[in-house]
Structure formats: C-alpha cells, structure tokens
There are 2 protein chains.
Amino acid sequence: MSKTALQTFEPRKTPVQARSAASVQAILQATVQVLLQEGKVKLTTTRVAQRAGVSVGTLYQYFPNKSALLQALLKAHLDGVADAMEKACAAAHGASLATMAELLTSAFVDAKFHDIEASVALYAVSDDVEGQRIARQMRVRASKAMTALFKSAYTGGIAEPTRVAETLLSAMAGVSRGMLESGVKPGTMAAMRRELTVLARSYLCASAE
Amino acid sequence: MSKTALQTFEPRKTPVQARSAASVQAILQATVQVLLQEGKVKLTTTRVAQRAGVSVGTLYQYFPNKSALLQALLKAHLDGVADAMEKACAAAHGASLATMAELLTSAFVDAKFHDIEASVALYAVSDDVEGQRIARQMRVRASKAMTALFKSAYTGGIAEPTRVAETLLSAMAGVSRGMLESGVKPGTMAAMRRELTVLARSYLCASAE
DNA sequence: TATTTAGATGAAGAAAGCTTCAGGTTTGGA
DNA sequence: TCCAAACCTGAAGCTTTCTTCATCTAAATA
C-alpha cells in the first residue's frame, strides 16, 4: 500500500463523554461560521479551533485533517437533503403529477433552507474534488428515488423518467442556489417556493405523454 | 489609503509583441488545464507557469497575483454568456413565449457549452468570494435583459417578470451545471437541450396570466 | 482516595506557496 | 549594426498553514 495514497478520513476518536461531544459540535458550528465570515480560502484549522473555543489539538483529535472536517460537514448536510427527498418520494407514491411536483419541491426547499447558514457556507466546499463526489452521491440517491416515483405516476406516465428526474433535481438545485447566494429575505422565500412549484408542475405535466 | 486594502487586479503590463500575447494565452489555457486535472487546491502559480511553458516571473508580469488570474478567466467566460443572453433577448423581442423559451435556452446552452473545459473548470473558481461577485454581475445583466423581454411578450404577459426571469435563469444554470459536473456525453447533450426547452416553455406559459 | 482513562493544550517542526527582483535574452526600429 | 524597450528567467525570501506530540487537567472507576 502506498504511503501517501492511503489517507484516512475517519474520525480519529469518537466522543464518549459529554464534554467532548460538545467540543465536536462547537467545531462543526465554528467551521460554518468561519466559512461564512472569512471564506474558504481563509479557513484555517487554527481559526476554526479558536472560534470554537478549543485548541487546534482538540480539533485534530476528532478530525484527521482539515479536509475531513469539511467533508463531514458537507456529507451531513447533503445526506439530510437526500433523506428528505426519499421520504417525499415514498409519500407521493402513486399520486398525480401535480401532487408530486408539490411534495417534491416542498421537501427540497424545506431540507435546503432548514439551516440556511450551512447551506450557503457549504457551496464553497462542494466544489472541491471530494466535495463533488459527495454531491454526486446525493444526486444519485435523489434521482433514483424520483425516477421510481415517476414510474408510479397516477396519470399519464413520463416517457423518460430518469432524464426528467435529473433535470428537475438540477433545476431545483439551481434555483435554490441562486436564491441562497444572492441573500435570502423571508418574503422572497415564500415567493420562490411558489415559483419552484409552478416550474415543477408545469414541467412534469409537459413531460407526460 | 490602507496599504493592505488596496490591491490592484489590473494587468501589470499589456502585451504589445506577439511573443508576449502568446504567453498570456498559454497561461490562461494552462490555468484551465491545471484546474481540470489537479483541482483548485493544487493550482499553484508555479504549476500553471510550468504547464504553460513559461516561468513564474512571466506569469506575474501579466497578472498581479494568483487571484487576478482566476478572476480574469471567470470574467471572460461569464461575460460571454451574458453577451449571448442579451443578444438572444434582443432577437426574441416581441415574440411569443414559446419562441422566447426556445431562443433563450439555445443561447444559454450554446454559450455555456462552447468551451466545455473552461465551463467545468470554472465552477471551482466561482465559489470564491470574488468569484461570486462576478457571477452575480452576470446574473444581473442577464435577468435584466430577460425581464425586459418578458414585458414585451406578444401573447399574455407575465405577472412578475423579474421573478420569473431570475427563476428561469437559475434553473437553466442548475441544469447545465448538473450535466457539466457529471460529465457531458455528446448524445446526452442534445437530450438536455430538449428537456431544457420543454422546461422553459412550460414554465413561461404557466406563468402567463 | 488512588488509579486509570478521556480529553485538552499550544509551541514548534516541516512543508508549501506566493511573489519579487536582479540579471539575462529577444525584438524592432534608427 | 547598434540601442532601447520589451520580454523572460528562476532562485530565494517571506509568510502562512497543517499537523504532531509531550504534557497537563478532568472525569470515571475501583
């Protein structure tokens, strides 16, 4: 086994006492804060530790390296989104396309805007090579579930369910991103939700044979 | 004036001989290549210069710093997209919503996929703080033009042209990104073009009063 | 209470990158 | 041909960051 190629990203130690669990939480939150306020280029392990109120050594006790810290954060976030989408697909099984559109957009928006700060901050992380891999996994999970859902459609089936699923998912992701990156205002958010529903519904219905 | 705050991003020197113009071109292309093959974290000025076949010193003769190099690349790319969108809006003025949908998606896809390598590579750049600023400027230009276009719609006007413009633009961006980041295959591209047109047309028509 | 285990600390080693600049080469005009 | 301007070079200074580890403190356990 090559020495350099093998790089573990597993946590070095799992917290067993309450004290250390708090440290880990503080570190994760601090990472989001630093990402938002300083940007990814200025994110250093020392700075994160400082803001979390712990020492660098503590950080390295739970995360083997800086990259693992960022990946853990991104994975947790995207897993949440994928979970939400799968749940929504299960709930919408057999419904009409219009209902599917509503449930899917609701689930996506809720999941993505649940922790707005993290969502915004993590865009900076998702473009690293490893970040892209994680994002892709999430897309695969979601679009698989959506494809299966479309096949179960109550009225007029969709000719190319996979393609439609991927397109719709990307579109929702794009619209959310556009909004998150240009600053979310409470009022605008409700409007976006509506637009996204309109978009999803009209696209799905247009895709039905 | 603060010493640190003032940072110029203007080129240090403008090429006047053919030799230097070639160097600049080589550097820009090399940047894309390094970005694609090594990723942004491993992109160093030395590596870029090496791949371009020049020395670091030469690089710094035309770009005041690493950030300026990346920004120049991103700006050129996004300016191209914004130009294309404005042109398409001018061409579609007064047409039907369906025609608008087709012209807008065509323009966007053509511009974005004109230089696929650069498009893919530059996603990694667009998430830096300065990159986001540049991306925002492009979005503003495009959505302004689109808003004006929608107001000129031949049949049934759109109630909230600005919101619809921003939503559609983000959706197109999202779908393109999804495709570019998961690897473009020639066949799939034509399909995506169709899906995007369907999406745009159905969304625009659904948004008409 | 004594002992062991978990957790925390932060100075410092090591590595890497950005940027400069003094000096060399090429080009184009006079 | 000769000179000035444009262009190129790359070793090295300076800074920054990651990561380790010997040492200390707190908690749990017997």
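Chain identifiers are assigned alphabetically (A, B, ...) following the order of the sequence lines, protein sequences preceding nucleic acid strands; residue numbering begins at 1 within each chain.
- At a cut-off of 3.5 Å, with distance as the only test, no side-chain donor of A:Glu102 or A:Ser106 sits close to an acceptor on the other residue.
- Straight-line distance from the NZ atom of B:Lys66 to the P atom of C:dC18: 4 Å, rounded to whole Å.
- As a whole-Å value, the separation of B:Leu69 CG from C:dT19 P is 10 Å.
- The nearest whole Å value for the distance from the CD atom in A:Gln61 to the C1' atom in C:dT5 is 12 Å.
- Put simply, the residue from B:Arg177, B:Lys112, B:Met85 that forms a side chain to side chain contact (heavy atoms under 4.5 Å, CB included) with B:Met172 is B:Met85.
- Between A:Thr167 and the choices B:Met179, B:Glu195, B:Arg194, the side chain to side chain contact (heavy atoms under 4.5 Å, CB included) rule is met once, by B:Glu195.
- Between the C1' atom of D:dC7 and the CD1 atom of B:Ile27 lies a distance of 12 Å, rounded to the nearest Å.
- Rounding to the nearest 0.5 Å gives a distance of 11.5 Å between CG of B:Leu43 and CD of B:Gln33.
- Look at A:Arg47 and you won't find any side-chain N or O under 4.0 angstrom from OP1 or OP2 of D:dT16.
- Look at A:Thr45 and you'll find a side-chain N or O under 4.0 angstrom from OP1 or OP2 of D:dC18.
- Summarising the geometry, the separation between CZ on B:Phe63 and P on C:dC18 is reported as 15 Å, rounded to the nearest angstrom.
- Checking C:dT19, C:dA8, D:dT19 against the side-chain heavy atoms of B:Val56 singles out C:dT19 as nearest.
- Residue A:Tyr60 places its side chain closer to D:dT19 than to any other of D:dT19, C:dA6, D:dG10.
- Going from atom CD of B:Glu38 over to atom P of C:dG17 covers 11 Å, rounded to whole Å.
- Residue B:Ser55 places none of its side-chain N or O atoms closer than 4.0 Å to OP1 or OP2 of D:dG10.
- The side chain of A:Gln17 has C:dG7 as its nearest neighbour among C:dG7, D:dC18, D:dG10.
- Remark: P of D:dC18 and NZ of A:Lys42 are 14 Å apart, rounded to the nearest angstrom.
- Atom NZ of A:Lys40 is separated from atom P of D:dT16 by 20 Å (rounded to the nearest Å).
- Across all strands shown, B:Thr58 has heavy atoms under 4.0 Å from base atoms, whether or not it also approaches the sugar-phosphate.
- Along DNA chain D, the nucleotide nearest A:Gly57 and the nucleotide nearest B:Arg19 are compared for position; the residue whose nucleotide lies closer to the 5' end is B:Arg19.
- A salt bridge links B:Glu86 and B:Arg141; the closest N-O separation between the charged side-chain nitrogens and carboxylate oxygens is under 4.0 Å.
- Note on B:Ser20: only backbone sugar-phosphate atoms sit closer than 4.0 angstrom, heavy atoms only; bases stay farther off.
- Looking at heavy-atom distances under 4.0 Å, A:Val16 makes contact with sugar-phosphate atoms alone, never a base.
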